[in-house]
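These notes concern the structure reproduced below.
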Amino acid sequence: MIKIDQLYINGQFVIPNGTEVQDLINPSTKEIIGRVTLGNEQDTRDAIAAAKEAFKTFSKTTVEERSEMLQRLHDVMMDHFEALNQVAVDEYGAPEGATAARTLYAAKNFLHNKASLSEFQFEKRMGKAKVVLEPLGVIGLITPWNANYTHISTKLAPAIAAGCTVVIKASELSAIQTQVITECFHKAGIPAGVINFVHGRGDVVGAELTRHPDVAMISFTGSSQVGKIIGRDAANTMKRLVLELGGKSPNVILDDADFNKAIPMSVMTAFSNSGQACHVGSRLIVPEHRLEEVKRLVKTTIDGIKVGSPREAGVYIGPMVNQKQYETVQHYIKLGVDEGAELVVGGEGHPEGLEQGYFVKPTVFAHVTMDMSIAKEEIFGPVLSILTFKTEEEAIEIANNSIYGLSAYVSSSDLEAANRVASRIVSGRVLINGLHDEPTAPFGGFKQSGIGREFGVYGLQEYVEPKTILGHDVVQ
Ligand code: NAD
């Protein structure tokens, strides 16, 4: 049993004022594996005060100093790579291989930001003016449970690069992972008060960060529902907001695509991170006259996908993170059937022999129409909806018929057609013919998928404020 009863404030591990204790559960077995004492509003205020004090000197550090710190943050994560992975498997339930890849990605974020920092211009001339990009101040970082280390490093790295100090409130469902990464960062020799961690609930610690006048910006990743609450609460103190929210990403397969490649890839991406990922292509949009072929390819692909314990070799889909997430997925599978979609594979309940954890059956629906809940709402589990089109125009219309606009996918053997469709999809990212990544290019959403961007120079820009100085060269 892991006991977490400390917060990290001003470079020290301290006992929280908060007294609420929360169980931490292994989703593969439903066993209680830990207990965390949650921080309260006073703890949050203490952390903000430490960050505010540290900002006075940290904001004056040089690019070289901060560059070295980013390198050290990367290095400590790599030094504790195995420890980070093991607790992510136990507490979150992600299959081991996928966890390792994500931890590596999280560590690399520090190096990518180091590269962005080296090319970032903190001072520019614009006509007669000198424009200085100053670090914003104390930043509240609020993150979800579905890739704990990645979300923390995606926000922390640009904050450090810019010269900002932070208070991190990670998901209360990831307290063990957060504790391990905090212990790593403690070893990186970052000045006291620059990085602070407060374990706690969203409506307590997250809300205090959002309301507090000494916090200049909230960088949040999570649901659109909570993003809207944060937007409303932050308005009183005019905070800058970066909101990375939900998605219901379209995956358009044009008629001339290689279906033998595109369909298996579509199923695998839709179910990556056990379907608990914001960017997955959960709406598969295919030509109407190819539907039977698509269904056949989907079934064959799913036959080859292993659901099970994240420690078992070859497992691709682990459990849902908790009982609530399990029930949400079950609710949508039932709703899909009730609303008249055709169940191609999967369905309600646990896969056979996996009743001991929050495992669900990978599920695919066909004959999904745009008015159905399973076509509109984010499920955040391995549930894929297939919609059909007759013309390219209709495919684009279906793709854009969503309150979200985070990611999109297009497959075609005609690059010109693929690029034409990509240019008309309203989405922060479009991937053509495969799963590509570019960690220096911006990531974020159109519409209700969010505000602002992460990664690279665009991500770093969110953490600075331009100050215009006129007459800087005028002698009286
Ligand atoms: P969530 O919105 O429930 O919680 C996210 C974080 O917000 C948690 O730390 C939570 O404690 C905190 N929070 C809750 N209420 C709050 C409040 N009133 N004030 C301040 N903070 C509060 O999301 P989740 O269930 O942890 O994660 C799943 C969601 O995250 C999905 O909707 C998914 O699409 C989204 N997500 C988006 C991205 C992206 O990059 N766009 C990436 C991953 C996940």
Side-chain angles (χ1 to χ4, degrees), residues 20 22 36 38-39 41 44 91-92 94 102 105-106 109 140-155 167-175 177-178 197-212 215 218-236 239 241-249 272-282 320-329 332 377-381 402-407 427-429 437 439 442-455 459:
E20 185 181 344
Q22 184 193 280
V36 56
L38 302 176
E41 285 90 347
T44 314
E91 187 179 40
Y92 173 54
R102 265 193 296 276
Y105 193 90
N109 266 334
L141 311 183
I142 305 178
T143 57
W145 42 261
N146 70 324
N148 185 57
Y149 308 140
T150 308
H151 294 306
I152 290 174
S153 74
T154 298
K155 296 174 186 312
V167 178
I168 303 172
K169 198 227 76 76
S171 172
E172 55 276 39
L173 301 178
S174 315
Q177 296 160 80
T178 303
F197 274 92
V198 181
H199 294 292
R201 287 189 4 206
D203 56 354
V204 178
V205 175
E208 183 62 24
L209 279 173
T210 307
R211 284 188 301 255
H212 202 288
V215 174
I218 296 289
S219 176
F220 168 80
T221 298
S223 60
S224 295
Q225 195 190 358
V226 172
K228 288 175 192 177
I229 297 174
I230 289 178
R232 282 191 290 270
D233 286 355
N236 272 339
K239 283 185 178 44
L241 292 175
V242 171
L243 303 175
E244 296 293 344
L245 309 177
K248 189 76 186 175
S249 299
S272 70
N273 203 6
S274 309
Q276 301 177 125
C278 53
H279 60 272
V280 296
S282 52
M320 300 297 92
V321 74
N322 64 1
Q323 175 82 28
K324 184 168 163 253
Q325 194 61 23
Y326 173 81
E327 282 167 8
T328 301
V329 174
Y332 277 108
E377 294 167 27
E378 184 181 50
I379 300 173
F380 225 58
S402 172
I403 60 165
Y404 298 112
L406 188 62
S407 288
S427 170
R429 223 171 231 217
D437 187 36
F443 179 83
F446 281 58
K447 301 192 267 184
Q448 293 187 32
S449 286
I451 297 173
R453 291 292 179 268
E454 297 196 301
F455 298 124

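Just follow the structure's listing: the first ligand is 1, and inside any ligand the first atom is 1. We're numbering straight along the sequence, starting at 1.
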Once you restrict both partners to nitrogen or oxygen, which atoms of ligand 1 have a protein partner under 3.5 Å, and how far apart are they?
from	atom 1	to	atom 2	distance (Å)
ligand 1	2 (O)	S223	N	2.8
ligand 1	2 (O)	S223	OG	2.6
ligand 1	9 (O)	T143	O	2.8
ligand 1	9 (O)	K169	NZ	3.0
ligand 1	11 (O)	K169	NZ	2.9
ligand 1	11 (O)	E172	OE1	2.7
ligand 1	11 (O)	E172	OE2	3.4
ligand 1	11 (O)	G202	N	3.3
ligand 1	19 (N)	G202	O	3.3
ligand 1	25 (O)	W145	NE1	2.9
ligand 1	26 (O)	W145	NE1	3.1
ligand 1	30 (O)	G222	O	3.4
ligand 1	32 (O)	E378	OE1	2.7
ligand 1	34 (O)	E378	OE1	3.2
ligand 1	34 (O)	E378	OE2	2.5
ligand 1	41 (N)	L245	N	3.2
ligand 1	41 (N)	L245	O	2.6

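For the residue pair K155 and S219, a side-chain donor N or O sits within less than 3.5 Å of a side-chain acceptor on the partner. With hydrogens and angles left out, the side-chain atoms of Y332 and E377 include a donor and acceptor closer than 3.5 Å.
For the side chain to side chain contact (heavy atoms under 4.5 Å, CB included) test, residues two or more places apart in sequence or in another chain that qualify with I142 are K169, L209, T210, I218, F220, I230. Take E378 and apply the side chain to side chain donor-acceptor pair (under 3.5 Å) test, not counting sequence neighbours, and it matches no residue. Partners of R102 under the salt bridge (Lys or Arg N to Asp or Glu O under 4.0 Å) rule, at least two apart in sequence or in another chain, do not exist in this structure.
Formation of a donor-acceptor pair under 3.5 Å by the S224 side chain with backbone atoms of Q448 is found in this model.
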